[in-house]
2 protein chains.
Amino acid sequence: MVNFTSNIFAMNKCDQCIVRQLSSLKALNKDEVVKLANSKTTYKIKKGESIFEEGEITNGVFCIKDGVGKLSKLSANGKDQIVKLVQSGELLGQRSMISNEPANLSAKAVADMEVCFIPKTEILHFFNNNNQFSMNLMQSVCEDLKESENDKIALVQKTVKQRLAETLLHLHDAFGENDDKTLKVQLTREELAGIIGTATESCIRLLSDFNKLDLIELVGKKIMLKNVKALKKMAE
Amino acid sequence: MVNFTSNIFAMNKCDQCIVRQLSSLKALNKDEVVKLANSKTTYKIKKGESIFEEGEITNGVFCIKDGVGKLSKLSANGKDQIVKLVQSGELLGQRSMISNEPANLSAKAVADMEVCFIPKTEILHFFNNNNQFSMNLMQSVCEDLKESENDKIALVQKTVKQRLAETLLHLHDAFGENDDKTLKVQLTREELAGIIGTATESCIRLLSDFNKLDLIELVGKKIMLKNVKALKKMAE
DNA sequence: TTATAAAAATGATATTTATCATATTATAAC
DNA sequence: GTTATAATATGATAAATATCATTTTTATAA
(Lines give C-alpha, C1' and ligand atoms only; values in the text may rest on other atoms or scores of the structure.)
Protein backbone atom coordinates (compact mmCIF):
# COMPACT_ATOMS: atom_id res chain seq x y z
CA MET A 1 0.00 0.00 0.00
CA VAL A 2 1.19 3.50 -0.82
CA ASN A 3 1.61 5.88 2.13
CA PHE A 4 2.38 9.59 2.14
CA THR A 5 6.13 9.15 2.41
CA SER A 6 6.34 6.72 -0.46
CA ASN A 7 4.19 9.06 -2.56
CA ILE A 8 6.64 11.86 -2.09
CA PHE A 9 9.43 9.48 -2.92
CA ALA A 10 7.61 8.11 -5.96
CA MET A 11 6.82 11.57 -7.27
CA ASN A 12 10.37 12.74 -6.92
CA LYS A 13 11.51 9.86 -9.02
CA CYS A 14 9.74 11.32 -12.07
CA ASP A 15 9.07 14.93 -11.12
CA GLN A 16 12.60 16.11 -11.74
CA CYS A 17 13.12 13.95 -14.81
CA ILE A 18 14.04 15.63 -18.07
CA VAL A 19 11.28 13.74 -19.88
CA ARG A 20 8.71 15.16 -17.48
CA GLN A 21 10.04 18.63 -18.30
CA LEU A 22 10.24 18.33 -22.06
CA SER A 23 7.60 15.88 -23.27
CA SER A 24 3.79 15.77 -23.25
CA LEU A 25 4.15 14.60 -19.65
CA LYS A 26 4.74 18.18 -18.54
CA ALA A 27 0.96 18.56 -18.38
CA LEU A 28 0.64 15.97 -15.59
CA ASN A 29 -0.28 17.16 -12.10
CA LYS A 30 1.33 15.92 -8.89
CA ASP A 31 -1.06 13.02 -8.37
CA GLU A 32 -0.58 11.90 -11.93
CA VAL A 33 3.20 12.03 -11.58
CA VAL A 34 2.94 9.80 -8.52
CA LYS A 35 0.82 7.35 -10.49
CA LEU A 36 3.38 7.51 -13.28
CA ALA A 37 6.32 6.90 -10.98
CA ASN A 38 4.63 3.88 -9.44
CA SER A 39 3.94 2.23 -12.75
CA LYS A 40 7.19 2.82 -14.59
CA THR A 41 10.09 0.42 -15.07
CA THR A 42 13.61 1.66 -15.73
CA TYR A 43 16.06 0.04 -18.16
CA LYS A 44 19.62 0.65 -19.21
CA ILE A 45 20.39 -0.03 -22.85
CA LYS A 46 23.94 -0.22 -24.16
CA LYS A 47 24.99 1.31 -27.47
CA GLY A 48 23.93 -1.00 -30.29
CA GLU A 49 21.33 -2.86 -28.25
CA SER A 50 17.67 -2.81 -29.18
CA ILE A 51 14.75 -1.32 -27.22
CA PHE A 52 12.14 -2.95 -29.41
CA GLU A 53 12.07 -4.57 -32.82
CA GLU A 54 9.78 -4.09 -35.79
CA GLY A 55 6.65 -6.20 -35.35
CA GLU A 56 6.90 -6.34 -31.56
CA ILE A 57 3.88 -5.39 -29.48
CA THR A 58 5.13 -2.84 -26.98
CA ASN A 59 1.98 -2.02 -24.96
CA GLY A 60 3.31 1.27 -23.72
CA VAL A 61 5.77 4.07 -24.35
CA PHE A 62 9.41 4.60 -23.44
CA CYS A 63 10.65 7.81 -21.83
CA ILE A 64 14.20 8.59 -22.87
CA LYS A 65 15.96 9.76 -19.75
CA ASP A 66 19.41 9.73 -21.26
CA GLY A 67 21.22 8.81 -24.46
CA VAL A 68 20.34 8.76 -28.13
CA GLY A 69 18.30 6.22 -30.09
CA LYS A 70 17.40 5.54 -33.68
CA LEU A 71 14.14 4.37 -35.23
CA SER A 72 14.92 2.38 -38.34
CA LYS A 73 13.79 -0.24 -40.81
CA LEU A 74 15.95 -2.91 -42.39
CA SER A 75 15.60 -3.27 -46.16
CA ALA A 76 15.70 -6.50 -48.15
CA ASN A 77 19.28 -5.77 -49.26
CA GLY A 78 20.46 -5.38 -45.67
CA LYS A 79 20.56 -1.60 -45.44
CA ASP A 80 19.18 0.05 -42.35
CA GLN A 81 17.13 3.14 -43.18
CA ILE A 82 16.95 5.52 -40.22
CA VAL A 83 13.58 7.24 -39.94
CA LYS A 84 14.25 9.36 -36.87
CA LEU A 85 16.79 9.96 -34.14
CA VAL A 86 15.38 10.36 -30.64
CA GLN A 87 17.08 11.95 -27.67
CA SER A 88 16.65 12.48 -23.95
CA GLY A 89 13.40 14.20 -23.07
CA GLU A 90 11.44 12.46 -25.81
CA LEU A 91 8.86 9.71 -25.77
CA LEU A 92 9.27 6.64 -27.95
CA GLY A 93 6.58 4.34 -29.29
CA GLN A 94 3.63 6.73 -29.06
CA ARG A 95 2.50 6.05 -32.60
CA SER A 96 2.11 2.30 -32.44
CA MET A 97 0.60 2.47 -28.96
CA ILE A 98 -2.11 4.89 -30.11
CA SER A 99 -2.73 2.94 -33.32
CA ASN A 100 -2.98 -0.34 -31.39
CA GLU A 101 -0.43 -1.86 -33.71
CA PRO A 102 2.87 -3.71 -33.44
CA ALA A 103 5.88 -1.44 -33.88
CA ASN A 104 6.45 -0.41 -37.49
CA LEU A 105 10.12 0.34 -36.84
CA SER A 106 12.95 -0.97 -34.68
CA ALA A 107 14.40 1.20 -31.91
CA LYS A 108 18.09 0.82 -31.08
CA ALA A 109 20.56 2.75 -28.94
CA VAL A 110 23.08 4.90 -30.82
CA ALA A 111 24.65 5.92 -27.50
CA ASP A 112 24.16 4.25 -24.10
CA MET A 113 20.61 4.94 -22.97
CA GLU A 114 18.50 5.04 -19.87
CA VAL A 115 14.79 4.65 -20.56
CA CYS A 116 11.62 4.18 -18.53
CA PHE A 117 8.74 2.08 -19.75
CA ILE A 118 5.23 3.38 -19.03
CA PRO A 119 2.34 0.95 -19.56
CA LYS A 120 -0.33 1.82 -22.10
CA THR A 121 -3.10 1.84 -19.46
CA GLU A 122 -1.41 4.73 -17.66
CA ILE A 123 -0.99 6.79 -20.79
CA LEU A 124 -4.59 6.19 -21.86
CA HIS A 125 -5.79 7.19 -18.41
CA PHE A 126 -3.92 10.48 -18.68
CA PHE A 127 -5.15 10.95 -22.24
CA ASN A 128 -8.78 10.61 -21.17
CA ASN A 129 -8.56 12.69 -18.01
CA ASN A 130 -6.14 15.48 -18.82
CA ASN A 131 -6.97 17.65 -21.81
CA GLN A 132 -3.65 19.40 -21.78
CA PHE A 133 -1.83 16.07 -21.87
CA SER A 134 -3.88 14.76 -24.77
CA MET A 135 -3.34 18.01 -26.66
CA ASN A 136 0.42 17.82 -26.00
CA LEU A 137 0.55 14.23 -27.19
CA MET A 138 -1.43 15.16 -30.27
CA GLN A 139 0.88 18.06 -31.05
CA SER A 140 3.90 15.85 -30.62
CA VAL A 141 2.59 13.34 -33.16
CA CYS A 142 1.68 16.24 -35.47
CA GLU A 143 5.24 17.51 -35.20
CA ASP A 144 6.54 14.06 -36.16
CA LEU A 145 4.15 14.02 -39.11
CA LYS A 146 5.30 17.41 -40.36
CA GLU A 147 8.93 16.37 -40.11
CA SER A 148 8.27 13.11 -41.87
CA GLU A 149 6.44 14.85 -44.72
CA ASN A 150 9.23 17.36 -45.11
CA ASP A 151 11.80 14.57 -45.12
CA LYS A 152 9.81 12.82 -47.82
CA ILE A 153 9.78 15.95 -49.95
CA ALA A 154 13.51 16.47 -49.40
CA LEU A 155 14.22 12.91 -50.53
CA VAL A 156 12.65 13.67 -53.88
CA GLN A 157 13.50 17.31 -54.40
CA LYS A 158 17.06 17.44 -53.09
CA THR A 159 20.29 15.75 -54.12
CA VAL A 160 22.28 13.52 -51.79
CA LYS A 161 24.78 16.35 -51.35
CA GLN A 162 22.05 18.75 -50.23
CA ARG A 163 20.57 16.18 -47.87
CA LEU A 164 23.97 15.51 -46.31
CA ALA A 165 24.50 19.23 -45.70
CA GLU A 166 21.00 19.51 -44.26
CA THR A 167 21.50 16.49 -42.01
CA LEU A 168 24.84 17.70 -40.66
CA LEU A 169 23.25 21.04 -39.78
CA HIS A 170 20.31 19.31 -38.16
CA LEU A 171 22.57 17.06 -36.07
CA HIS A 172 24.50 20.13 -34.97
CA ASP A 173 21.30 21.97 -34.05
CA ALA A 174 19.56 19.11 -32.29
CA PHE A 175 22.45 17.48 -30.43
CA GLY A 176 25.10 20.20 -30.16
CA GLU A 177 28.88 19.89 -30.18
CA ASN A 178 31.66 18.56 -27.94
CA ASP A 179 34.42 20.72 -26.43
CA ASP A 180 36.55 20.06 -29.50
CA LYS A 181 33.69 21.45 -31.66
CA THR A 182 32.91 18.05 -33.19
CA LEU A 183 29.31 16.84 -33.41
CA LYS A 184 28.06 15.34 -30.15
CA VAL A 185 26.02 12.52 -31.68
CA GLN A 186 28.55 10.12 -32.96
CA LEU A 187 27.18 8.15 -35.85
CA THR A 188 29.05 5.76 -38.09
CA ARG A 189 29.22 6.70 -41.77
CA GLU A 190 26.82 3.85 -42.36
CA GLU A 191 24.27 5.35 -39.96
CA LEU A 192 24.69 8.79 -41.47
CA ALA A 193 24.07 7.26 -44.88
CA GLY A 194 20.97 5.58 -43.42
CA ILE A 195 19.59 8.96 -42.37
CA ILE A 196 20.11 10.75 -45.67
CA GLY A 197 19.07 7.67 -47.62
CA THR A 198 22.10 6.83 -49.69
CA ALA A 199 24.89 4.25 -49.99
CA THR A 200 27.59 4.34 -47.32
CA GLU A 201 30.32 4.89 -49.94
CA SER A 202 28.46 7.84 -51.44
CA CYS A 203 28.15 9.38 -48.01
CA ILE A 204 31.86 8.91 -47.28
CA ARG A 205 32.81 10.36 -50.65
CA LEU A 206 30.71 13.47 -50.07
CA LEU A 207 32.14 13.93 -46.58
CA SER A 208 35.59 13.86 -48.22
CA ASP A 209 34.46 16.49 -50.71
CA PHE A 210 33.05 18.68 -47.93
CA ASN A 211 36.34 18.26 -46.10
CA LYS A 212 38.34 19.36 -49.14
CA LEU A 213 36.02 22.36 -49.56
CA ASP A 214 36.67 23.28 -45.89
CA LEU A 215 32.98 23.02 -45.07
CA ILE A 216 33.72 20.41 -42.43
CA GLU A 217 36.75 18.80 -40.85
CA LEU A 218 37.06 15.07 -40.32
CA VAL A 219 38.66 14.43 -36.92
CA GLY A 220 39.08 10.66 -37.02
CA LYS A 221 35.55 9.38 -37.15
CA LYS A 222 34.19 12.59 -35.71
CA ILE A 223 32.90 15.48 -37.77
CA MET A 224 33.38 19.18 -37.11
CA LEU A 225 31.31 21.80 -38.93
CA LYS A 226 33.63 24.57 -40.14
CA ASN A 227 31.43 26.67 -42.41
CA VAL A 228 27.83 26.59 -41.27
CA LYS A 229 26.84 29.43 -43.59
CA ALA A 230 28.11 27.66 -46.68
CA LEU A 231 26.49 24.38 -45.57
CA LYS A 232 23.16 26.17 -45.18
CA LYS A 233 23.48 27.62 -48.65
CA MET A 234 24.32 24.21 -50.04
CA ALA A 235 21.32 22.60 -48.32
CA GLU A 236 18.84 24.93 -50.04
CA MET B 1 -32.11 31.86 -32.49
CA VAL B 2 -32.17 28.13 -33.07
CA ASN B 3 -35.48 26.35 -32.49
CA PHE B 4 -36.32 22.67 -32.44
CA THR B 5 -37.23 22.46 -36.12
CA SER B 6 -34.07 24.14 -37.31
CA ASN B 7 -32.02 21.85 -35.05
CA ILE B 8 -33.46 18.81 -36.70
CA PHE B 9 -32.76 20.41 -40.02
CA ALA B 10 -29.27 21.41 -39.01
CA MET B 11 -28.45 17.97 -37.70
CA ASN B 12 -29.67 16.26 -40.81
CA LYS B 13 -27.37 18.39 -42.86
CA CYS B 14 -24.38 16.68 -41.30
CA ASP B 15 -25.76 13.53 -39.72
CA GLN B 16 -26.11 11.65 -42.98
CA CYS B 17 -22.88 13.00 -44.43
CA ILE B 18 -20.22 10.52 -45.47
CA VAL B 19 -17.58 12.44 -43.52
CA ARG B 20 -19.61 12.05 -40.35
CA GLN B 21 -19.71 8.30 -41.03
CA LEU B 22 -16.07 7.76 -41.88
CA SER B 23 -13.94 10.33 -40.08
CA SER B 24 -13.17 11.10 -36.43
CA LEU B 25 -16.52 12.93 -36.43
CA LYS B 26 -18.32 9.61 -36.07
CA ALA B 27 -17.78 9.95 -32.33
CA LEU B 28 -19.95 13.08 -32.12
CA ASN B 29 -23.34 12.82 -30.42
CA LYS B 30 -26.55 14.41 -31.72
CA ASP B 31 -26.07 17.73 -29.93
CA GLU B 32 -22.53 17.98 -31.20
CA VAL B 33 -23.66 17.26 -34.75
CA VAL B 34 -26.17 20.10 -34.50
CA LYS B 35 -23.41 22.40 -33.29
CA LEU B 36 -21.26 21.22 -36.17
CA ALA B 37 -23.97 21.77 -38.76
CA ASN B 38 -24.60 25.29 -37.53
CA SER B 39 -20.96 26.30 -37.74
CA LYS B 40 -19.95 24.78 -41.04
CA THR B 41 -19.65 26.48 -44.42
CA THR B 42 -19.94 24.53 -47.66
CA TYR B 43 -17.82 25.14 -50.76
CA LYS B 44 -17.64 23.69 -54.22
CA ILE B 45 -14.16 23.44 -55.70
CA LYS B 46 -13.58 22.72 -59.35
CA LYS B 47 -10.87 20.35 -60.59
CA GLY B 48 -7.54 22.17 -60.52
CA GLU B 49 -8.66 24.85 -58.08
CA SER B 50 -7.03 25.26 -54.70
CA ILE B 51 -8.57 24.77 -51.25
CA PHE B 52 -5.66 26.33 -49.43
CA GLU B 53 -2.08 27.17 -50.27
CA GLU B 54 1.18 26.47 -48.44
CA GLY B 55 1.75 29.15 -45.82
CA GLU B 56 -1.93 30.05 -45.48
CA ILE B 57 -3.49 30.11 -42.02
CA THR B 58 -6.61 27.97 -42.28
CA ASN B 59 -8.07 28.17 -38.75
CA GLY B 60 -10.08 25.02 -39.12
CA VAL B 61 -10.47 21.78 -41.00
CA PHE B 62 -12.18 20.80 -44.24
CA CYS B 63 -14.55 17.85 -44.49
CA ILE B 64 -14.39 16.23 -47.91
CA LYS B 65 -17.97 15.48 -48.84
CA ASP B 66 -17.19 14.57 -52.42
CA GLY B 67 -14.31 14.44 -54.89
CA VAL B 68 -10.57 13.88 -54.62
CA GLY B 69 -7.86 16.27 -53.53
CA LYS B 70 -4.08 16.33 -53.38
CA LEU B 71 -1.73 17.69 -50.75
CA SER B 72 1.46 18.82 -52.43
CA LYS B 73 4.53 21.01 -52.30
CA LEU B 74 6.06 22.86 -55.21
CA SER B 75 9.82 22.48 -55.58
CA ALA B 76 12.26 25.16 -56.69
CA ASN B 77 12.48 23.60 -60.17
CA GLY B 78 8.71 23.79 -60.62
CA LYS B 79 7.84 20.17 -59.87
CA ASP B 80 4.84 19.46 -57.68
CA GLN B 81 5.53 16.68 -55.21
CA ILE B 82 2.30 15.04 -54.02
CA VAL B 83 2.42 14.04 -50.37
CA LYS B 84 -1.04 12.52 -50.07
CA LEU B 85 -4.30 12.08 -51.93
CA VAL B 86 -7.46 12.70 -49.93
CA GLN B 87 -10.93 11.48 -50.74
CA SER B 88 -14.52 11.84 -49.61
CA GLY B 89 -15.02 10.94 -45.99
CA GLU B 90 -11.69 12.38 -44.90
CA LEU B 91 -10.71 15.50 -42.99
CA LEU B 92 -8.17 17.92 -44.41
CA GLY B 93 -5.91 20.32 -42.52
CA GLN B 94 -5.96 18.59 -39.13
CA ARG B 95 -2.19 18.68 -38.77
CA SER B 96 -1.61 22.40 -39.15
CA MET B 97 -4.70 23.23 -37.10
CA ILE B 98 -3.45 21.14 -34.16
CA SER B 99 0.10 22.46 -34.50
CA ASN B 100 -1.13 26.07 -34.64
CA GLU B 101 0.84 26.58 -37.79
CA PRO B 102 0.24 27.82 -41.33
CA ALA B 103 -0.34 25.02 -43.82
CA ASN B 104 2.84 23.17 -44.74
CA LEU B 105 1.32 21.95 -48.01
CA SER B 106 -1.09 23.15 -50.65
CA ALA B 107 -4.43 21.40 -51.14
CA LYS B 108 -5.91 21.29 -54.63
CA ALA B 109 -8.81 19.45 -56.25
CA VAL B 110 -7.88 16.54 -58.53
CA ALA B 111 -11.57 15.98 -59.29
CA ASP B 112 -14.46 18.39 -58.62
CA MET B 113 -14.96 18.60 -54.87
CA GLU B 114 -17.53 19.54 -52.31
CA VAL B 115 -16.07 20.42 -48.94
CA CYS B 116 -17.30 21.86 -45.66
CA PHE B 117 -15.18 24.14 -43.53
CA ILE B 118 -15.37 23.65 -39.76
CA PRO B 119 -13.85 26.37 -37.58
CA LYS B 120 -11.02 25.48 -35.23
CA THR B 121 -13.00 26.50 -32.13
CA GLU B 122 -15.59 23.80 -32.85
CA ILE B 123 -13.00 21.08 -33.33
CA LEU B 124 -11.13 22.07 -30.18
CA HIS B 125 -14.38 22.04 -28.23
CA PHE B 126 -15.08 18.50 -29.40
CA PHE B 127 -11.48 17.51 -28.69
CA ASN B 128 -11.73 18.70 -25.09
CA ASN B 129 -15.18 17.32 -24.35
CA ASN B 130 -15.39 14.05 -26.22
CA ASN B 131 -12.69 11.48 -25.45
CA GLN B 132 -13.69 9.21 -28.28
CA PHE B 133 -13.41 12.08 -30.75
CA SER B 134 -9.97 13.08 -29.51
CA MET B 135 -8.82 9.46 -29.67
CA ASN B 136 -10.18 9.13 -33.21
CA LEU B 137 -8.43 12.32 -34.29
CA MET B 138 -5.23 11.11 -32.69
CA GLN B 139 -5.45 7.76 -34.44
CA SER B 140 -6.09 9.45 -37.75
CA VAL B 141 -2.94 11.55 -37.43
CA CYS B 142 -1.04 8.43 -36.31
CA GLU B 143 -2.22 6.64 -39.44
CA ASP B 144 -0.96 9.54 -41.57
CA LEU B 145 2.37 9.35 -39.76
CA LYS B 146 2.76 5.65 -40.35
CA GLU B 147 1.97 6.05 -44.04
CA SER B 148 4.38 8.93 -44.38
CA GLU B 149 7.17 6.97 -42.71
CA ASN B 150 6.55 3.97 -44.93
CA ASP B 151 6.53 6.22 -48.01
CA LYS B 152 9.83 7.67 -46.89
CA ILE B 153 11.34 4.21 -46.56
CA ALA B 154 9.96 3.18 -49.95
CA LEU B 155 11.52 6.25 -51.58
CA VAL B 156 14.94 5.08 -50.46
CA GLN B 157 14.64 1.32 -50.60
CA LYS B 158 12.63 0.86 -53.78
CA THR B 159 13.27 1.71 -57.42
CA VAL B 160 11.00 4.00 -59.42
CA LYS B 161 9.57 0.93 -61.15
CA GLN B 162 8.65 -0.68 -57.83
CA ARG B 163 7.12 2.54 -56.54
CA LEU B 164 5.04 2.92 -59.69
CA ALA B 165 3.69 -0.62 -59.32
CA GLU B 166 2.98 0.03 -55.65
CA THR B 167 1.22 3.30 -56.39
CA LEU B 168 -0.98 1.83 -59.13
CA LEU B 169 -2.06 -0.92 -56.74
CA HIS B 170 -2.74 1.59 -54.01
CA LEU B 171 -4.82 3.81 -56.31
CA HIS B 172 -6.80 0.74 -57.32
CA ASP B 173 -7.35 -0.25 -53.70
CA ALA B 174 -8.19 3.15 -52.36
CA PHE B 175 -10.30 4.61 -55.17
CA GLY B 176 -11.56 1.59 -57.10
CA GLU B 177 -12.27 1.21 -60.81
CA ASN B 178 -14.77 2.44 -63.40
CA ASP B 179 -17.16 0.19 -65.35
CA ASP B 180 -14.51 -0.19 -68.05
CA LYS B 181 -12.09 -1.46 -65.36
CA THR B 182 -9.88 1.64 -65.58
CA LEU B 183 -8.73 3.40 -62.41
CA LYS B 184 -11.36 5.73 -60.98
CA VAL B 185 -8.98 8.48 -59.85
CA GLN B 186 -7.86 10.10 -63.01
CA LEU B 187 -4.45 11.61 -62.58
CA THR B 188 -2.26 13.12 -65.27
CA ARG B 189 1.07 11.41 -65.83
CA GLU B 190 2.63 14.45 -64.23
CA GLU B 191 0.58 13.97 -61.06
CA LEU B 192 1.35 10.26 -60.98
CA ALA B 193 5.04 11.14 -61.28
CA GLY B 194 4.55 13.60 -58.42
CA ILE B 195 3.25 10.81 -56.19
CA ILE B 196 6.02 8.32 -56.86
CA GLY B 197 8.64 11.05 -56.82
CA THR B 198 10.15 10.90 -60.27
CA ALA B 199 10.32 12.83 -63.55
CA THR B 200 7.17 12.82 -65.70
CA GLU B 201 9.04 11.27 -68.64
CA SER B 202 10.35 8.45 -66.48
CA CYS B 203 6.84 7.73 -65.28
CA ILE B 204 5.46 7.71 -68.84
CA ARG B 205 8.28 5.44 -70.00
CA LEU B 206 7.61 2.93 -67.24
CA LEU B 207 3.87 2.97 -67.95
CA SER B 208 4.75 2.10 -71.56
CA ASP B 209 6.94 -0.74 -70.33
CA PHE B 210 4.18 -2.03 -68.04
CA ASN B 211 1.80 -1.82 -71.00
CA LYS B 212 4.14 -3.86 -73.20
CA LEU B 213 4.51 -6.43 -70.42
CA ASP B 214 0.69 -6.67 -70.24
CA LEU B 215 0.71 -5.61 -66.60
CA ILE B 216 -1.54 -2.68 -67.41
CA GLU B 217 -3.41 -1.33 -70.42
CA LEU B 218 -3.35 2.32 -71.39
CA VAL B 219 -6.84 3.36 -72.51
CA GLY B 220 -6.15 6.86 -73.74
CA LYS B 221 -5.14 8.71 -70.60
CA LYS B 222 -6.79 6.15 -68.39
CA ILE B 223 -5.04 3.17 -66.87
CA MET B 224 -6.40 -0.34 -66.45
CA LEU B 225 -4.66 -2.88 -64.21
CA LYS B 226 -4.45 -6.19 -66.06
CA ASN B 227 -2.18 -8.31 -63.89
CA VAL B 228 -2.51 -7.36 -60.25
CA LYS B 229 -0.56 -10.40 -59.08
CA ALA B 230 2.47 -9.55 -61.18
CA LEU B 231 2.27 -5.91 -60.14
CA LYS B 232 2.28 -6.97 -56.49
CA LYS B 233 5.30 -9.15 -57.06
CA MET B 234 7.06 -6.29 -58.82
CA ALA B 235 6.29 -3.87 -55.99
CA GLU B 236 8.07 -6.03 -53.40
C1' DT C 1 52.57 -4.17 -28.43
C1' DT C 2 51.04 -6.85 -32.05
C1' DA C 3 47.42 -9.34 -34.42
C1' DT C 4 42.77 -9.01 -36.05
C1' DA C 5 38.69 -7.11 -37.20
C1' DA C 6 35.93 -3.34 -38.31
C1' DA C 7 35.30 1.15 -40.25
C1' DA C 8 36.60 4.55 -43.46
C1' DA C 9 38.43 5.94 -47.80
C1' DT C 10 39.15 5.78 -52.73
C1' DG C 11 39.03 4.06 -57.57
C1' DA C 12 36.73 1.93 -61.50
C1' DT C 13 32.58 0.85 -63.40
C1' DA C 14 27.62 -0.11 -63.93
C1' DT C 15 23.02 1.26 -63.26
C1' DT C 16 19.40 4.21 -62.57
C1' DT C 17 17.16 8.21 -63.41
C1' DA C 18 16.89 13.06 -65.14
C1' DT C 19 17.08 16.21 -68.80
C1' DC C 20 16.51 18.01 -73.30
C1' DA C 21 14.68 17.49 -77.85
C1' DT C 22 11.11 16.29 -80.70
C1' DA C 23 7.16 13.74 -82.35
C1' DT C 24 2.53 12.19 -81.74
C1' DT C 25 -1.95 12.19 -79.88
C1' DA C 26 -5.82 14.01 -77.42
C1' DT C 27 -8.60 17.95 -75.79
C1' DA C 28 -10.74 22.27 -75.91
C1' DA C 29 -11.90 26.71 -78.10
C1' DC C 30 -13.59 28.78 -81.91
C1' DG D 1 -14.76 20.43 -88.30
C1' DT D 2 -10.48 23.10 -87.79
C1' DT D 3 -7.01 25.16 -85.20
C1' DA D 4 -4.57 25.91 -81.01
C1' DT D 5 -2.99 23.98 -76.87
C1' DA D 6 -1.85 20.72 -73.66
C1' DA D 7 -0.79 15.97 -72.59
C1' DT D 8 1.48 11.89 -73.81
C1' DA D 9 5.13 9.40 -75.92
C1' DT D 10 9.79 8.27 -77.39
C1' DG D 11 14.76 8.87 -78.45
C1' DA D 12 19.41 10.51 -77.33
C1' DT D 13 22.27 11.90 -73.90
C1' DA D 14 23.93 13.56 -69.42
C1' DA D 15 24.11 13.41 -64.60
C1' DA D 16 23.62 11.30 -60.25
C1' DT D 17 24.20 7.53 -57.55
C1' DA D 18 25.06 2.53 -56.55
C1' DT D 19 27.97 -1.32 -56.66
C1' DC D 20 32.10 -3.90 -56.41
C1' DA D 21 36.99 -4.08 -55.54
C1' DT D 22 40.79 -2.66 -52.99
C1' DT D 23 43.51 0.06 -49.79
C1' DT D 24 44.16 2.60 -45.67
C1' DT D 25 43.07 3.80 -41.13
C1' DT D 26 41.25 3.06 -36.63
C1' DA D 27 39.66 0.35 -32.82
C1' DT D 28 39.79 -3.94 -30.11
C1' DA D 29 41.40 -8.03 -28.03
C1' DA D 30 45.03 -11.32 -27.15
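Below, read A as the first sequence line, B as the second, and so on, with proteins coming before strands; counting in each chain starts at 1.
In this structure, B:K161 does not pair ionically with B:D209, as no charged nitrogen and carboxylate oxygen lie closer than 4.0 Å. A salt bridge between B:K47 and B:D112 is absent, with no side-chain N of the basic residue lying under 4.0 Å from a carboxylate O of the acidic one. Of the charged side-chain nitrogens involved, none lies within less than 4.0 Å of a carboxylate oxygen, so that B:K84 and B:D151 do not count as a salt-bridged pair. Electrostatic pairing of B:E236 and B:K158 does not count as a salt bridge here, judged by no charged N lying under 4.0 Å from a carboxylate O. Under the 4.0 Å criterion applied to side-chain N and carboxylate O atoms, B:E49 and B:K108 are not assigned as salt-bridge partners. Electrostatic pairing of B:K44 and B:E114 counts as a salt bridge here, judged by a charged N lying under 4.0 Å from a carboxylate O.
Side chain of A:A199, nearest nucleotide from C:dA18, D:dA18, C:dA21: D:dA18. Picking from C:dT19, D:dT17, C:dG11 the nucleotide with the shortest atom distance to the side chain of A:T198 gives D:dT17. Listed nucleotides C:dT19, C:dA8, D:dT17 differ in distance to B:E201; the shortest reach to its side chain belongs to C:dT19. When each of D:dT17, D:dG11, C:dC20 is scored by its nearest atom to the side-chain atoms of A:T159, the top-ranked nucleotide is D:dT17. Nearest to the side chain of A:R205, among D:dT19, C:dC20, C:dA8, sits D:dT19.
Residue A:L206 contributes atom CG, which lies 8 Å from atom P of D:dT17 at whole-angstrom precision. For the pair B:I204 CD1 and D:dA6 C1', the interatomic distance rounds to 12 Å; values are reported in whole Å. Between the CG atom of B:L155 and the C1' atom of D:dA16 there is a distance of 16 Å, given to the nearest Å. The CD1 atom of A:I216 sits 13 Å away from the C1' atom of C:dA8 (whole-angstrom rounding). Rounded to whole angstrom, the span from the NZ atom of A:K161 across to the P atom of D:dT17 amounts to 9 Å. Atom CD of B:Q162 is separated from atom C1' of D:dA18 by 15 Å (rounded to the nearest Å). The distance from atom CD of B:Q186 to atom P of D:dA7 is 13 Å, rounded to the nearest whole Å. Nucleotide D:dA9 holds its P atom 13 Å from the CD atom of B:E217, rounded to whole Å.
For the pair A:C203 and B:L207, nearest-nucleotide mapping onto DNA chain D gives the more 5' position to B:L207.
Within the structure, every side-chain polar atom (N or O) of A:K158 is placed at least 4.0 Å from both OP1 and OP2 of D:dA16. A:S202 has a side-chain polar atom (N or O) that falls below the 4.0 Å cut-off from OP1 or OP2 of D:dA18. Look at B:S208 and you'll find a side-chain N or O under 4.0 angstrom from OP1 or OP2 of D:dT10.
Proximity of a side-chain donor or acceptor of A:N178 to a complementary backbone N or O of A:K181 within less than 3.5 Å is not detected.
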ask   = Could you go step by step and tell me if A:K70 and A:D80 meet the salt bridge (charged side-chain N to carboxylate O under 4.0 Å, His left out) rule?
value = CA-CA 10 Å; A:K70 62 176 176 185; A:D80 205 34; 3.7 Å; yes
ask   = Can you list the steps and then say if B:R95 with B:E101 is a salt bridge (charged side-chain N to carboxylate O under 4.0 Å, His left out)?
value = CA-CA 9 Å; B:R95 216 273 316 151; B:E101 285 173 3; 3.1 Å; yes
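Judged by distance alone, the side chains of B:E53 and B:S50 do bring a donor and an acceptor atom under 3.5 Å apart.
For the helix from C:dT1-D:dA30 to C:dC30-D:dG1, the angle separating the two terminal helix axes comes to 50°, with each axis derived from five pairs and the value rounded to 10°.
In the region residues 218-228 of chain A, proximity to DNA chain C at under 4.0 angstrom, judged on heavy atoms, holds for A:L218, A:K221.
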